[in-house]
Amino acid sequence: MLQKKNDEIPSHVFARIVRIFNNNSWEIEHGGNEFSAFNRFCTMIAELNEEQQELVLELTKRYTRIEVNDYILYLKNLLRKFANENATNLIGINKIYIAPLIAPEDIGKSKSSTTVQYLLRNIICNTPILAEKKSIYVDGLQIESDQINDEDSLLILVDDFIGTGETAESAVKFLIDKGIRKEKIVILTIAALQIGEDFLRESNILLYTHLTFNKGITDNYTEEELSEKLMLMNTIESKIKVHKNEKLGFKGSEALISLIRTPNNTFPVFWKERKGRKAPFPR
């Protein structure tokens, strides 16, 4: 039987944490591993007052953690979706260039998008329609317009997460400045925020995603509750000394998601670490 480790958490709160972890199939390590996600979560909850605890527990019930083992299945579904919805358009395509979605200033750095690109090597060759094409893998965004602008070519930028969409837009603009036509570029991502999807569509950038997420507070409470919940989160972020640029997640994203790393779009209470504070889902 799981024993409560933190005496500062009431038993009923501890029981709710256990229930949330079990319902989400998140591992609860037995024993004294103080650095496990479960124990770090309990420590985080213990530093909050009752109202703050209630809000964080409500948000955690809707929290999504995508583990590395999930990537393969999600990418298979994403590729099938893309291929099926573009079957006619792909008839004339013989070469598919696949590059990591990366900000121009991050070219040469190891990012999660490079992991997605690597995983696709063993998936795309088993995907109907796409398996018939020649797949060419590109380092960073090092690709020339004469390669992509051929009528039989297509460029796919891949990633595991789109937040506000600004990084994706900057990558596409970088490629357009190199002479690549926008209509030859497609973005595939495992997960995206709705705000990012909307931003890219307004910019006429083609995006396919397996999972889409709304804002954690703004899109889940009534108008009467909303102001109270946002003010309550503000008190939490003040307590843990969140930088003004991180409040409610990057640019107010209000995300509730972790992947290989937790994006800064997620509420900082879940990932913000500093001296004396360990977060349950750190970046």
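Just so it is clear, the model here is predicted, and its values are computed rather than measured.
- Side-chain atoms of Tyr97 and Ile180, non-hydrogen and from C-beta on, never get closer than 4.5 Å to each other.
- Sorted by first and then second residue, the salt bridge (Lys or Arg N to Asp or Glu O under 4.0 Å) pairs involving residues 213-239 (not counting sequence neighbours) are Glu58-Lys229.
- Enclosure of atom NZ in Lys81 by more than 12 non-hydrogen atoms of other residues, nucleotides or ligands within 6.0 angstrom is indicated.
- Put simply, the side chain of Arg181 does not reach to within 4.5 Å of the side chain of Ile148, judged on heavy atoms.
- Within a 6.0 Å radius of CD in Gln194, other residues, nucleotides and ligands contribute more than 12 heavy atoms.
- Under the 4.5 Å side-chain heavy-atom criterion for ILVMFWY residues, a single connected hydrophobic cluster contains both Ile124 and Leu90.
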**Prompt:** Should Met44 and Arg277 be marked as a side-chain contact (heavy atoms from CB on, under 4.5 Å) after you check the CA-CA gap, both sets of side-chain angles, and the distance that decides it?
**Reply:** CA-CA 8 Å; Met44 177 266 286; Arg277 183 179 198 267; 3.2 Å; yes
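- Side-chain contact check for Tyr74 versus Ile66: some heavy-atom pair is nearer than 4.5 Å.
- Residue Tyr137 qualifies as enclosed at atom OH: its count of foreign heavy atoms under 6.0 Å is above 12.
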**Asked** Taking it one step at a time, do Asp159 and Ile187 satisfy side-chain contact (heavy atoms from CB on, under 4.5 Å)?
**Response** CA-CA 8 Å; Asp159 207 348; Ile187 296 174; 5.9 Å; no
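- The backbone N or O of Leu48 sits less than 3.5 Å from a side-chain atom of Gln53, completing a donor-acceptor pair.
- At a threshold of 4.5 Å between side-chain heavy atoms, the hydrophobic network of Ile, Leu, Val, Met, Phe, Trp and Tyr places Ile190 and Val68 in one connected group.
- Within 6.0 Å of atom CD in Glu183, more than 12 heavy atoms from other residues, nucleotides or ligands are found, so the atom counts as buried in its surroundings.
- Separating the CD atom in Glu273 from the NZ atom in Lys278 is a distance of 5.0 Å, to the nearest 0.5 Å.
- Here CG of Asn94 is found 10.0 Å from CD of Glu132. Values are rounded to the nearest 0.5 Å.
- At distances below 3.5 Å, at least one donor-acceptor pair connects side-chain atoms of Lys184 with backbone N or O atoms of Ser153.
- Residue Ile185 holds its CD1 atom at 13.0 Å from CG of Leu207, rounded to the nearest 0.5 Å.
- For Pro128, there are no side chain to side chain contact (heavy atoms under 4.5 Å, CB included) partners at least two apart in sequence or on another chain.
- Formation of a donor-acceptor pair under 3.5 Å by the Glu169 side chain with backbone atoms of Ser203 is not found in this model.
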**Item:** CA sep, side-chain torsions, deciding dist, call: Ile156, Phe82, side-chain contact (heavy atoms from CB on, under 4.5 Å)
**Value:** CA-CA 11 Å; Ile156 296 179; Phe82 168 69; 3.9 Å; yes
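- No chain of hydrophobic side-chain contacts below 4.5 Å, direct or via other Ile, Leu, Val, Met, Phe, Trp or Tyr residues, connects Leu55 to Ile257.
- Here the side chain of Asn149 pairs a donor or acceptor atom with the backbone of Gly179 at under 3.5 angstrom.
- The CG atom of Leu75 sits 9.0 Å away from atom CG of Leu188, with the distance rounded to the nearest 0.5 Å.
- Here the side chain of Asn39 pairs no donor or acceptor atom with the backbone of Phe35 at under 3.5 angstrom.
- For the pair Asn265 and Phe161, the minimum side-chain heavy-atom distance is below 4.5 Å.
- Between Arg121 and Ile98 the shortest side-chain heavy-atom distance does not fall below 4.5 Å.
- Note that CG of Leu59 is 5.5 Å distant from CG of Leu256, once rounded to the nearest 0.5 Å.
- Between Asn86 and Tyr208, some side-chain heavy-atom pair lies under the 4.5 Å cut-off.
- Ion pairing of Arg16 with Glu54 is present here, as a side-chain N (NZ or NE/NH1/NH2) and a carboxylate O approach within less than 4.0 Å.
- In the hydrophobic clustering of this structure, Leu200 does not group with Ile195; members are Ile, Leu, Val, Met, Phe, Trp, Tyr whose side-chain heavy atoms approach within less than 4.5 Å, directly or through other members.
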**Item:** Worked check of side-chain contact (heavy atoms from CB on, under 4.5 Å) between Leu175 and Leu157
**Value:** CA-CA 11 Å; Leu175 293 168; Leu157 303 178; 3.9 Å; yes
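- The aromatic rings of Phe281 and Tyr63 sit tilted, their planes meeting at an angle between 30° and 60°.
- Ile162 is listed as a side-chain neighbour of Leu101, based on a closest heavy-atom distance under 4.5 Å.
- Taking CZ of Arg274 as the start and NZ of Lys241 as the end, the distance is 5.0 Å to the nearest 0.5 Å.
- Annotation for Lys247: atom NZ counts as buried by contact number, over 12 foreign heavy atoms lying within 6.0 Å.
- Under the 4.5 Å side-chain contact rule for hydrophobic residues, Phe199 and Leu193 do not share a cluster.
- A side-chain donor from one of Glu197 and Thr212 sits under 3.5 Å from a side-chain acceptor of the other.
- Counting only heavy atoms from C-beta outward, the side chains of Asn24 and Arg65 never approach each other to under 4.5 Å.
- Crowding of Lys173 atom NZ: a count of heavy atoms from other residues, nucleotides or ligands under 6.0 Å not exceeding 12.
- Checked by atom type and distance alone, the side chain of Asp150 never pairs as donor or acceptor with a backbone atom of Asp152 at under 3.5 Å.
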